[in-house]
2 protein chains.
Amino acid sequence: METAPSRLRGKASWLINKTSLHAHRLITEGLSPIDARGYHFAILAALEEYGPASQASLSQRCGIDRSDTVAMVNELADQQLVVRAPDPDDRRRNVITMTPEGRRRLDQLDAVLGEVQRDLLAPLSPADRERLVELLGRVLDHHTSSSR
Amino acid sequence: METAPSRLRGKASWLINKTSLHAHRLITEGLSPIDARGYHFAILAALEEYGPASQASLSQRCGIDRSDTVAMVNELADQQLVVRAPDPDDRRRNVITMTPEGRRRLDQLDAVLGEVQRDLLAPLSPADRERLVELLGRVLDHHTSSSR
DNA sequence: CGGGAATCGTGGGTAGCGCCAACGGATTGG
DNA sequence: CCAATCCGTTGGCGCTACCCACGATTCCCG
């Protein structure tokens, strides 16, 4: 196999993009057999951590576009993992609530994604994995706080 | 600002995907004003490091699909940064050669992308940036060697 | 209290990226 | 010499992340 140019290998943006592709592939491979996708996990996780919420706050918390959130909530509602009801206090809003099935589904997705993390970070020691997560978290915090 | 669910923040795949998006945004913002794109840099870098090459070896080295390489070489050739000529030794192949303008362009793109790296990794110390690049490099090596 | 600004859900559309299928021309290997 | 392979090229697909526009609702302020 021919090696990648060292100028590329040294660019963090290149490494991140390529790694992101691998991660994305692993995720869809792991999730599509059980008819799920990454966004489902994000939304369920937000519901579990913060309780019932409007679609707007879900999309803001998960970094998903409002339009796309509609589709995700549709899918989750179709699978009875979530209930969408108009908010009596503010009739512009929908209140999205996780069902018990949704709660179970969240655990299932978390297990699958945990497996994916292990595959993805296979060559790294536990300490190195933590270090990577910490570094990326710092980068992400910086960019999401400065842009908002 | 509402915080992302901790279940998401702990997943390396999520952090990587989000960071990749920021990187991608910074890159296109930096490159589109000068009518360039990330792939251009990749191909020029490969040509500089390994000399004239066929499109097939370029796409393999850069991890770009053969189809997309055609378009990229078209764009680079339109801008006189690269010359495409049939290979007399193997008439299936084209030999792609970087022009002096291409060489200069490579330096320009490298400068812009260097700036992007600085913006992207702004919150990290030089040592941390190196660490991040090293960790991602290990991950990437593992996945590209095991799949090929 | 009234009306303009902002918010929410929703539908529609767009652009780029990564990928695959297929083909004709050329070369290689058995 | 025939089959398998390689190379460049075209065309198309699916997904993701966006953006805009719209009606309905609520908020804010004069």
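Because only heavy atoms are used, hydrogens play no part in the values below, and waters and symmetry mates are left out as well, while side chains stay in. Within every chain, numbering begins at 1; the chains are lettered A, B, ... in the order of the sequence lines, protein sequences first and strands thereafter.
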Determine: side-chain N/O of B:Q55 to OP1/OP2 of D:dT9, distance under 4.0 Å, yes or no.
-> yes

Interatomic distance, B:E29 CD vs C:dG16 C1' [rounded to whole Å] | 15 Å

May I ask you to say what B:T69 touches in the nucleic acid, namely base, sugar-phosphate or nothing, with a heavy-atom cut-off under 4.0 Å?
-> nothing

Tell me, please, which residues at least two apart from A:R118 pass side chain to side chain contact (heavy atoms under 4.5 Å, CB included).
-> A:E115, A:R129

Determine the contact category for A:L21: base if any of its heavy atoms lies under 4.0 Å from a base atom, sugar-phosphate if only primed atoms, P, OP1 or OP2 are that close, otherwise nothing.
-> sugar-phosphate

Is B:R84 near enough to D:dT9 that one of its side-chain N or O atoms lies under 4.0 angstrom from OP1 or OP2?
-> yes

Phosphate OP1/OP2 of C:dT10: any A:N94 side-chain N/O under 4.0 Å | yes

Carboxylate-amine/guanidinium contact A:R7 B:E49, below 4.0 Å = no

To the nearest angstrom, the CD1-P distance between B:I16 and D:dT16 comes to 17 Å

Shortest side-chain distance from A:V70, nucleotide among D:dT9, C:dC8, C:dG11 = C:dG11

Apply salt bridge (charged side-chain N to carboxylate O under 4.0 Å, His left out) to A:D128 and list each qualifying residue two or more places apart in sequence or on a separate chain.
-> A:R131, B:R138

Whole angstrom is fine here: how far is it from CG in A:D68 over to P in C:dT14?
-> 16 Å

For atom CZ of A:R25 and atom C1' of C:dC20, their distance in whole Å | 15 Å

Among the nucleotides D:dT16, C:dA21, C:dC8, which one has an atom lying closest to any side-chain atom of B:S67?
-> C:dA21

Using atom CZ of A:R61 as one end and atom P of C:dC8 as the other, report the distance to the nearest whole Å.
-> 12 Å

More than 12 heavy atoms of other residues, nucleotides or ligands under 6.0 Å from CD of B:E130: is that the case?
-> no

Short N-O contact, B:R103 and B:D107, less than 4.0 angstrom = yes

5'-most by nearest nucleotide on DNA chain C - A:V73 or A:K18 = A:V73

For B:Q55, which of B:R84, B:R66, B:R93, B:Q60 qualifies under side chain to side chain donor-acceptor pair (under 3.5 Å)?
-> B:R84

In whole Å, what is the span from the CD1 atom of B:I27 to the P atom of C:dA15?
-> 21 Å

Taking the side chain as C-beta and beyond, is there a heavy-atom pair between A:R61 and A:Y50 under 4.5 Å?
-> yes

Name the nucleic acid region contacted by B:D65, choosing base, sugar-phosphate or nothing; use a 4.0 angstrom heavy-atom cut-off, strictly under.
-> base

Over how many whole Å does the gap from B:L31 atom CG to C:dG16 atom C1' extend?
-> 14 Å

Just the atom pairs and distances: protein N or O near nucleotides 23-30 of chain C's N or O, under 3.5 Å.
{"from": "C:dT27", "atom 1": "OP1", "to": "B:R91", "atom 2": "N", "distance (Å)": "3.1"}

So does B:E101 pair up with B:R105, basic N to acidic O under 4.0 Å?
-> no

Is there a side-chain polar atom (N or O) of B:N17 under 4.0 Å from OP1 or OP2 of D:dT16?
-> no

Between atom CD1 in B:I96 and atom C1' in D:dG8, what is the gap in whole Å?
-> 10 Å

